[in-house]
A.B. asks: 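A single structure is presented below for examination.
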Amino acid sequence: MIEQELPWHAEPLRAELARRESLPHALLLLGTPGIGKSRYARALAAALLCESRAPDGRACGQCDACGWSGAGTHPDLRVLSLPVDDEGKVGREIKVDQVRALAEFLNVGGHRGGRRVVLIDPADAMNTVTANTLLKTLEEPGDGLMFVLVSHRPDAILPTIRSRCQVRVLEGPGLDAARAWIQGQTGCTPQEAGTWLAMAGGAPLHATRFAEPGQAAAHRAMLEAIAGLPETAPEAAADALQRADARLWLPLLQRWLMDVGRCHGGAEPRYFPAHGKRLAELAGRADTAGIAKAGRGLAAQYRDVEHPLNPRLFCEASIECYLGAFGAPPRTAAG
C-alpha cells in the first residue's frame with residue numbers, strides 16, 4: 001500500500017506534479033523534523049512511477065507500478081536510507097557502498113519505459129566520501145533519472161550536492177490542523193494534543209509518539225530530571241538522561257532552556273506551557289548573558305550528538321552547559 005502524503009502537503013504535491021514534464025533531475029526537500037517530508041517524498045516517487053495516475057497527477061494506488069512502489073519492489077525505484085544490521089540496529093550514516101551499488105541501476109534504462117527515481121532519506125546522513133561518489137551522477141544524470149533528497153539539516157549536505165538540486169521547502173500544518181490530526185491519529189483529548197504538540201516543537205508526527213506508553217514514560221523521566229536542575233546534582237540528572245539516546249534528551253534540554261529564556265524576557269513558554277511556574281522561577285535566577293552562552297554551548301553539542309565518544313561525559317558536559325545559564329561555569333563539551 002502506498003503511503004499517502006499528509007493532508008497539509010496535498011496541495012504542494014499537486015502543484016509539483018502539475019510540473020511533471022519540467023521537473024528537475026534532482027529535488028532537495030527541506031523542512032523541520034516531524035512534519036512528514038519522508039511521506040511526501042514517497043508519495044511523489046509513487047506518482048512519478050504510476051502507470052495510471054489520477055487526474056490530479058497523484059498515484060492511482062491500483063496499478064502494478066503502485067503495488068510495487070508500496071511494497072518497495074518497483075524495479076525503477078531505489079531508496080537509500082540508514083542501513084540496518086542483522087540485529088536490527090540502525091546505522092548513523094549512509095555508506096558509500098550503498099551509492100556504489102546503484103551503478104547498474106543508473107546505467108540502464110527504465111524497466112517500465114518511464115522514469116527512474118532514487119530517493120535519499122536522510123540526505124544529510126551521507127558522509128563526504130558518500131556524497132562525492134554521488135556527485136558525478138548528479139552532474140551527469142541519465143535520461144529519465146530523478147533524485148529526490150530529503151533533509152532537515154541542509155548545512156550538513158555538501159554545497160556541491162545542494163547546488164545541483166532544486167530546493168523545495170515543505171511547511172508543517174497550522175496549529176488547529178495539527179491538533180485535529182493528532183486527535184484523529186491517537187484518540188487523545190484536545191488538551192493532550194495541544195500539550196504534546198508544544199512539547200514536540202510543533203512537529204505533529206513527533207507529537208503522536210507521546211501517545212505510546214513507553215515513549216511517554218521515558219519523556220516524563222527526562223523532563224523531570226531536567227526540570228529538577230540546578231537543585232538536583234548534575235550527576236543524578238546525568239544518571240536519568242543517559243538512559244535515553246542523546247538525540248532525544250539533548251533537544252529536550254535545549255527546548256527547556258529556550259523556554260527559560262522566553263520567560264526571562266517576559267514571554268510565555270512555547271514548549272512546556274504546563275511548567276510555566278517552574279520555568280518562571282528558573283528565569284528569575286538566570287541572566288541574559290548566561291542564557292545566551294548556555295544556548296551556544298548546547299548548540300555546539302550537536303556536532304557530536306551522533307557520535308559521542310563517551311556518552312556519560314557528553315551528557316554531563318551538556319548539563320553543565322545548561323547550568324551556565326544560572327552562573328555555573330560550563331565545562332568544555334566532551335564528545
A.B. asks: Please check if the number of heavy atoms outside Glu87 that lie under 6.0 Å from its CD is greater than 12.
C.D. replies: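 No, not enclosed.
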A.B. asks: Return the orientation label for the Trp181 and Trp8 ring planes: parallel under 30°, perpendicular over 60°, tilted otherwise.
C.D. replies: perpendicular
A.B. asks: If we ignore hydrogens and angles and just use 3.5 Å, is the side chain of Arg78 paired with the main-chain N or O of Pro75 as donor and acceptor?
C.D. replies: yes
A.B. asks: Could you report the tightest heavy-atom contact between Pro33 and His206, atom names first, then the distance?
C.D. replies: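 Answer, listing the atom of Pro33 first, then His206: CB-CE1, 3.6 Å.
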A.B. asks: Hey, mind stepping through Lys293 and Asp287 against salt bridge (Lys or Arg N to Asp or Glu O under 4.0 Å) and telling me if it holds?
C.D. replies: CA-CA 10 Å; Lys293 187 173 183 179; Asp287 66 86; over 6 Å; no
A.B. asks: Are Leu149 and Leu27 close enough, and set up right, to give a side chain to side chain contact (heavy atoms under 4.5 Å, CB included), and what steps lead you there?
C.D. replies: CA-CA 6 Å; Leu149 287 72; Leu27 279 178; over 6 Å; no
A.B. asks: Show your working on side chain to side chain contact (heavy atoms under 4.5 Å, CB included) between Gln183 and Thr189 and close with a plain yes or no.
C.D. replies: CA-CA 7 Å; Gln183 287 179 254; Thr189 66; over 6 Å; no
A.B. asks: Count the heavy atoms of every other residue, nucleotide or ligand shown that sit under 6.0 Å from CD of Gln62, and state whether that count exceeds 12.
C.D. replies: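 Not more than 12 within 6.0 Å, no.
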A.B. asks: Name all residues meeting the side chain to side chain donor-acceptor pair (under 3.5 Å) criterion together with Arg243; count only those two or more places apart in sequence or in a different chain, and write none if there are none.
C.D. replies: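 Testing Arg243 for side chain to side chain donor-acceptor pair (under 3.5 Å), a comparison that skips the adjacent residues, returns none.
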A.B. asks: I need the Glu316 CD to Leu241 CG distance, nearest 0.5 Å.
C.D. replies: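 Here the interatomic distance stands at 10.5 Å.
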A.B. asks: What is the minimum heavy-atom distance between Gly201 and Arg255, and which atoms define it?
C.D. replies: N-NH1, 3.9 Å
A.B. asks: How long is the straight-line distance from CD of Glu16 back to CG of Leu44, given to the nearest 0.5 Å?
C.D. replies: 6.0 Å
A.B. asks: Can you list everything that forms a salt bridge (charged side-chain N to carboxylate O under 4.0 Å, His left out) with Asp64? Sequence neighbours excluded, please.
C.D. replies: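 Testing Asp64 for salt bridge (charged side-chain N to carboxylate O under 4.0 Å, His left out), a comparison that skips the adjacent residues, returns none.
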A.B. asks: How would you list all residue pairs meeting ring pair (Phe, Tyr, Trp, His ring centres under 6.0 Å) that involve residues 40-74, not counting sequence neighbours?
C.D. replies: His9-Tyr40, Trp68-His74
A.B. asks: Give the minimum heavy-atom separation between Cys66 and Ala59, together with the two atoms involved.
C.D. replies: SG-CB, 3.7 Å
A.B. asks: First locate atom OG1 of Thr32, then atom NZ of Lys37, and finally report the distance between them rounded to the nearest 0.5 Å.
C.D. replies: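 Reported value, rounded in 0.5 Å steps: 6.0 Å.
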A.B. asks: If you round to the nearest 0.5 Å, how far is CG of Leu23 from CG of Leu48?
C.D. replies: 6.0 Å
A.B. asks: Indicate whether any N or O donor in one side chain lies under 3.5 Å from an N or O acceptor in the other, for Asp121 and Ser81.
C.D. replies: no
A.B. asks: Take Thr195 and Phe210, measure what side chain to side chain contact (heavy atoms under 4.5 Å, CB included) needs, and give me the verdict at the end.
C.D. replies: CA-CA 10 Å; Thr195 298; Phe210 298 119; over 6 Å; no
A.B. asks: Quick one: does any side-chain atom of Arg39 pair with a main-chain N or O of Gln4 as donor and acceptor, under 3.5 Å?
C.D. replies: yes
A.B. asks: Does Leu102 reach the side chain of Leu80, with side-chain heavy atoms less than 4.5 Å apart?
C.D. replies: yes
A.B. asks: If I compare all heavy atoms of Cys321 with all of Leu298, which pair ends up nearest, and what's the gap?
C.D. replies: CB-CD2, 3.9 Å
A.B. asks: Around atom CD of Glu139, are there more than 12 heavy atoms from other residues, nucleotides or ligands closer than 6.0 Å?
C.D. replies: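 Enclosed.
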A.B. asks: Between Asp124 (side chain) and Ala156 (backbone), is there a donor-acceptor pair under 3.5 Å?
C.D. replies: no
A.B. asks: Calculate, to the nearest 0.5 Å, the distance between atoms CD and CG belonging to Glu268 and Leu279 respectively.
C.D. replies: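 Reported value, rounded in 0.5 Å steps: 10.5 Å.
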A.B. asks: Would you sort out whether Leu205 and Ile35 count as a side chain to side chain contact (heavy atoms under 4.5 Å, CB included), showing the intermediate values?
C.D. replies: CA-CA 6 Å; Leu205 271 69; Ile35 62 169; over 6 Å; no
A.B. asks: Between Pro122 and Ser151, is any pair of side-chain heavy atoms under 4.5 Å apart?
C.D. replies: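 No; the side chains remain at least 4.5 Å from each other.
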A.B. asks: Flag yes if Val96 and Leu158 sit in one hydrophobic cluster, no otherwise; membership is Ile, Leu, Val, Met, Phe, Trp, Tyr, and two members link when side-chain heavy atoms are under 4.5 Å apart.
C.D. replies: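 No.
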A.B. asks: Would you check if Val150 and Ile120 make a side-chain contact, meaning some heavy-atom pair closer than 4.5 Å?
C.D. replies: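 Val150 vs Ile120: side chains apart.
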A.B. asks: For Ser318 and Gln301, test the side chains for any donor-to-acceptor distance below 3.5 angstrom and give the result as yes or no.
C.D. replies: yes
A.B. asks: Are Ile2 and Leu29 connected in the hydrophobic side-chain network, where two residues link if heavy atoms are under 4.5 Å apart?
C.D. replies: no
A.B. asks: Got more than 12 heavy atoms from elsewhere within 6.0 Å of CZ, Arg303?
C.D. replies: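 Not buried by this count: 12 neighbours or fewer within 6.0 Å.
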A.B. asks: If you round to the nearest 0.5 Å, how far is CD1 of Ile226 from OG1 of Thr232?
C.D. replies: 11.0 Å
A.B. asks: Report yes if some heavy atom in the side chain of Leu138 is under 4.5 Å from a heavy atom in the side chain of Leu134; otherwise report no.
C.D. replies: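 Side chain of Leu138 against side chain of Leu134, heavy atoms only: contact under 4.5 Å found.
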A.B. asks: Grab the two heavy atoms, one from Ala178 and one from Pro173, that are nearest each other, plus how far apart they are.
C.D. replies: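 Taking every non-hydrogen atom into account, CB-CG, 3.6 Å.
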A.B. asks: Salt-bridge test for Asp143 and Arg116: reply yes if a basic N is under 4.0 Å from a carboxylate O, no otherwise.
C.D. replies: no
A.B. asks: Hydrophobic cluster membership, with links at side-chain heavy-atom distances under 4.5 Å among I/L/V/M/F/W/Y: are Ile161 and Leu82 in one?
C.D. replies: yes
A.B. asks: For Lys277, is there an ion pair with Glu281 - N to carboxylate O distance below 4.0 angstrom?
C.D. replies: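 Between Lys277 and Glu281 there is no salt bridge, as every charged N stays at least 4.0 Å from the carboxylate O atoms.
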A.B. asks: Do the non-hydrogen side-chain atoms of Arg42 and Leu119 ever get within less than 4.5 Å of each other?
C.D. replies: yes
A.B. asks: Does Asp239 offer a backbone N or O that forms a donor-acceptor pair with the side chain of Gln242 under 3.5 Å?
C.D. replies: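 Such a contact is absent between Gln242 side chain and Asp239 backbone.
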A.B. asks: Which pairs with one or both residues in residues 125-153 pass ring pair (Phe, Tyr, Trp, His ring centres under 6.0 Å), sequence neighbours excluded?
C.D. replies: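 Matches after skipping sequence neighbours: none remain.
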A.B. asks: What are the two closest non-hydrogen atoms of Gly276 and Pro269, and how far apart are they?
C.D. replies: CA-CG, 4.1 Å
A.B. asks: Quick check: does any side chain N or O of Arg162 sit under 3.5 Å from a backbone N or O of Pro154, one acting as donor and the other as acceptor?
C.D. replies: yes
A.B. asks: Run the salt bridge (charged side-chain N to carboxylate O under 4.0 Å, His left out) test against Glu224 and tell me which residues pass, sequence neighbours left out.
C.D. replies: none
A.B. asks: Are Val148 and Leu28 packed together at the side-chain level, in the sense that at least one heavy-atom pair is separated by less than 4.5 angstrom?
C.D. replies: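 No, every pair of side-chain atoms sits at 4.5 Å or beyond.
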A.B. asks: Can you find a pair of side-chain heavy atoms, one from Gln98 and one from Thr130, that are under 4.5 Å apart?
C.D. replies: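 Heavy-atom side-chain distance check fails, nothing below 4.5 Å.
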A.B. asks: Answer whether the closest heavy-atom distance between the side chains of Val260 and Phe272 falls below 4.5 Å.
C.D. replies: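 SC-SC contact between Val260 and Phe272 ruled out.
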A.B. asks: Determine whether the aromatic ring centres of residues Trp256 and His275 are separated by less than 6.0 angstrom.
C.D. replies: yes
A.B. asks: Going by salt bridge (charged side-chain N to carboxylate O under 4.0 Å, His left out), name the residues that satisfy it together with Asp97, two or more places apart in sequence or in a different chain.
C.D. replies: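 Per chain and number, Asp97 pairs via salt bridge (charged side-chain N to carboxylate O under 4.0 Å, His left out) with Arg100.
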A.B. asks: Does any donor atom in the side chain of Gln254 or Tyr302 lie under 3.5 Å from an acceptor atom in the other side chain?
C.D. replies: yes
A.B. asks: I'd like to know if Arg58 pairs up with Glu11 as an ion pair, taking the criterion as any Lys NZ or Arg NE/NH1/NH2 lying under 4.0 Å from an Asp or Glu carboxylate oxygen.
C.D. replies: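 Salt bridge absent between Arg58 and Glu11.
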